[in-house]
Amino acid sequence: MENLYFAAAVIFVAYYLMILIYSGIHTDFAWIWFLGSVVMAAMGFFLKQKKENPDSFLQWLVYMFTVVFLVCFLVFVYLCKKVISGMRCNGKKNLDYVVVLGAHVKGEVPSKALKKRLDKAYSYAVDNPYTKLILSGGQGQGEDITEALCMKKYLLDRGISWKRLILEEKSTDTKENLEFSDKITGCKNKYTGILSNNFHVYRAVRLAKKIGYAAPVGIAAPSDSFMQIHYIVREVFALMKERIKGNI
């Protein structure tokens, strides 16, 4: 068993290095994989010590560490299933509004994540010509314009009428996206979709329900396939954070 933990430690640290190479040293939450490798190595070390020194005083520590690890693992698996359930949301037809959640803008150009959201929003808008899109996102560090304005320019260039685009340009996180979008339109009492990258949909819909959206519908856009595992893991911790803060 200890060899499995040591192997997991190697896999975790290898994935961590690949993330840094693929996405850069500033990749959000990438450090969790390095920490995970340390935990796996520690588990392997404790089990090895238990086998080699069955009468060691460390036995109680091994058992305690194992129990805590198993409990955390079961909670993690449960939350992963919730995140993955949101990844399959395809929305419903003829919604009154779709809130398109903002993501990072590089200068005035949408990031890969935001572009995937916008392509999904475009497809939905074409298939549902009476639905209005609420483009939600303020201006953050490294962004020359607001995320909402960037989204508007992208969709206008693809032929979506400006009359269908509503801008919300003050929000800085998902909770504010949803709150401020409702203040502008009253969308929480309407037939409203919440559009984001697939890993983010479950949390966004949960936040919307907590805020008071009557019947929010998730719409999942694709995400980077190489980073998918990382995004799911990161989202699990984001869910726990929102739970602690009382937002879901």
Side-chain angles (χ1 to χ4, degrees), residues 8-9 11-40 72 75-77 79-87 99-120 135-148 150-151 168-180 194-208 218 220-245 247-248:
I11 292 171
F12 281 18
V13 77
Y15 188 53
Y16 169 70
L17 293 174
M18 287 190 289
I19 288 173
L20 297 187
I21 294 170
Y22 181 81
S23 189
I25 195 170
H26 297 295
T27 302
D28 187 32
F29 215 64
W31 56 267
I32 195 65
W33 294 99
F34 182 79
L35 178 61
S37 72
V38 173
V39 172
M40 292 296 104
C72 292
V75 171
F76 176 80
V77 170
L79 292 176
C80 274
K81 289 178 65 177
K82 293 294 186 181
V83 172
I84 292 170
S85 71
M87 295 170 65
V99 180
V100 185
L101 301 179
H104 185 62
V105 171
K106 300 177 180 178
E108 296 187 8
V109 179
S111 61
K112 291 179 182 179
L114 183 55
K115 185 176 183 300
K116 290 180 185 294
R117 298 182 191 189
L118 291 170
D119 289 340
K120 184 69 173 182
L135 311 177
S136 180
Q139 184 173 350
Q141 187 175 3
E143 299 176 334
D144 295 339
I145 57 176
T146 64
E147 294 166 6
C150 176
M151 290 190 278
E168 182 287 296
E169 300 183 271
K170 295 182 179 180
S171 57
T172 61
D173 58 29
T174 304
K175 187 170 183 286
E176 289 184 353
N177 287 147
L178 298 167
E179 289 176 335
F180 297 168
I194 312 296
L195 191 155
S196 189
N197 298 106
N198 50 22
F199 61 87
H200 187 216
V201 169
Y202 176 77
R203 176 162 59 100
V205 171
R206 284 291 305 272
L207 284 166
S223 59
D224 190 309
S225 56
F226 177 80
M227 296 289 288
Q228 190 75 80
I229 295 175
H230 173 65
Y231 290 147
I232 292 172
V233 171
R234 186 184 69 182
E235 195 65 16
V236 166
F237 285 91
L239 278 172
M240 290 190 286
K241 178 181 177 182
E242 297 288 8
R243 182 65 176 175
I244 291 170
K245 292 169 66 176
N247 292 332
I248 60 175

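Since we're looking at a predicted model, the values are computed, not measured.
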Checking side-chain hydrogen bond (donor to acceptor under 3.5 Å, both in side chains) between Ser223 and each of Arg117, Gln228, Lys116, which is the one that passes?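 So, applying the side-chain hydrogen bond (donor to acceptor under 3.5 Å, both in side chains) to Ser223 and each of Arg117, Gln228, Lys116, only Gln228 qualifies.
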I'd like to know whether Tyr231 forms a side-chain contact (heavy atoms from CB on, under 4.5 Å) with Val83, so could you lay out the CA-CA distance, the side-chain angles of the two residues, the decisive distance to 0.1 Å, and finally the verdict. CA-CA 10 Å; Tyr231 290 147; Val83 172; over 6 Å; no
Between atom [atom1] of [X] and atom [atom2] of [Y], what is the distance when rounded to the nearest 0.5 Å?
X	Y	atom1	atom2	answer
Ile25	Trp31	CD1	CH2	15.0 Å
Leu114	Glu147	CG	CD	7.0 Å
Phe29	Leu35	CZ	CG	8.5 Å
Gln139	Thr172	CD	OG1	13.0 Å
Met240	Ile248	CE	CD1	10.5 Å
Lys112	His104	NZ	NE2	12.5 Å

Considering residues, nucleotides and ligands other than Ile229, do more than 12 of their heavy atoms fall under 6.0 Å from its CD1?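 No - once you tally the heavy atoms of other residues, nucleotides and ligands closer than 6.0 Å, there are 12 at most.
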Side-chain contact test, heavy atoms from C-beta onward, threshold under 4.5 Å: evaluate it for [X] versus [Y] and give yes or no.
X	Y	result
Val233	Phe76	yes
Glu176	Lys170	no
Arg234	Ile32	no
Met40	Ile11	no

Option passing ring-ring contact (aromatic ring centres under 6.0 Å, His included) with Tyr22 (candidates Phe226, Tyr15, Tyr16): Phe226
Identify the two heavy atoms, one from [X] and one from [Y], that lie closest to each other, and give their separation to 0.1 Å.
X	Y	answer
Gly102	Met151	CA-CE, 3.9 Å
Lys106	Ser111	CE-CB, 4.3 Å
Pro110	Lys115	CB-N, 4.1 Å
Met87	Asn198	CG-O, 3.3 Å
Leu101	Ile194	CD1-CG2, 4.0 Å
Ile19	Ala30	CG2-CB, 4.0 Å

Taking the side chain from Asn197 and the backbone from Pro222, do they hold a donor-acceptor pair closer than 3.5 Å? yes
Ignoring hydrogens and geometry, is there a side-chain-to-backbone donor-acceptor pair from Glu169 to Ala148 under 3.5 Å? no
Look at the aromatic rings of Trp33 and Phe12 and report parallel, tilted or perpendicular, splitting at 30° and 60°. perpendicular
State whether a side-chain donor-acceptor pair under 3.5 Å links Ser136 with Glu168.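 Ser136 vs Glu168: donor-acceptor pair found between side chains.
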Can a donor-acceptor pair be found between the side chains of Thr174 and His200 at a distance below 3.5 Å? yes
Given Lys82, Arg203, His230, the one that forms side-chain contact (heavy atoms from CB on, under 4.5 Å) with Glu235: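 Running side-chain contact (heavy atoms from CB on, under 4.5 Å) over Lys82, Arg203, His230 with Glu235 returns exactly one hit, Arg203.
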Does Phe34 form a side-chain contact (heavy atoms from CB on, under 4.5 Å) with Val13? I'd like the steps, not just the answer. CA-CA 5 Å; Phe34 182 79; Val13 77; 4.2 Å; yes
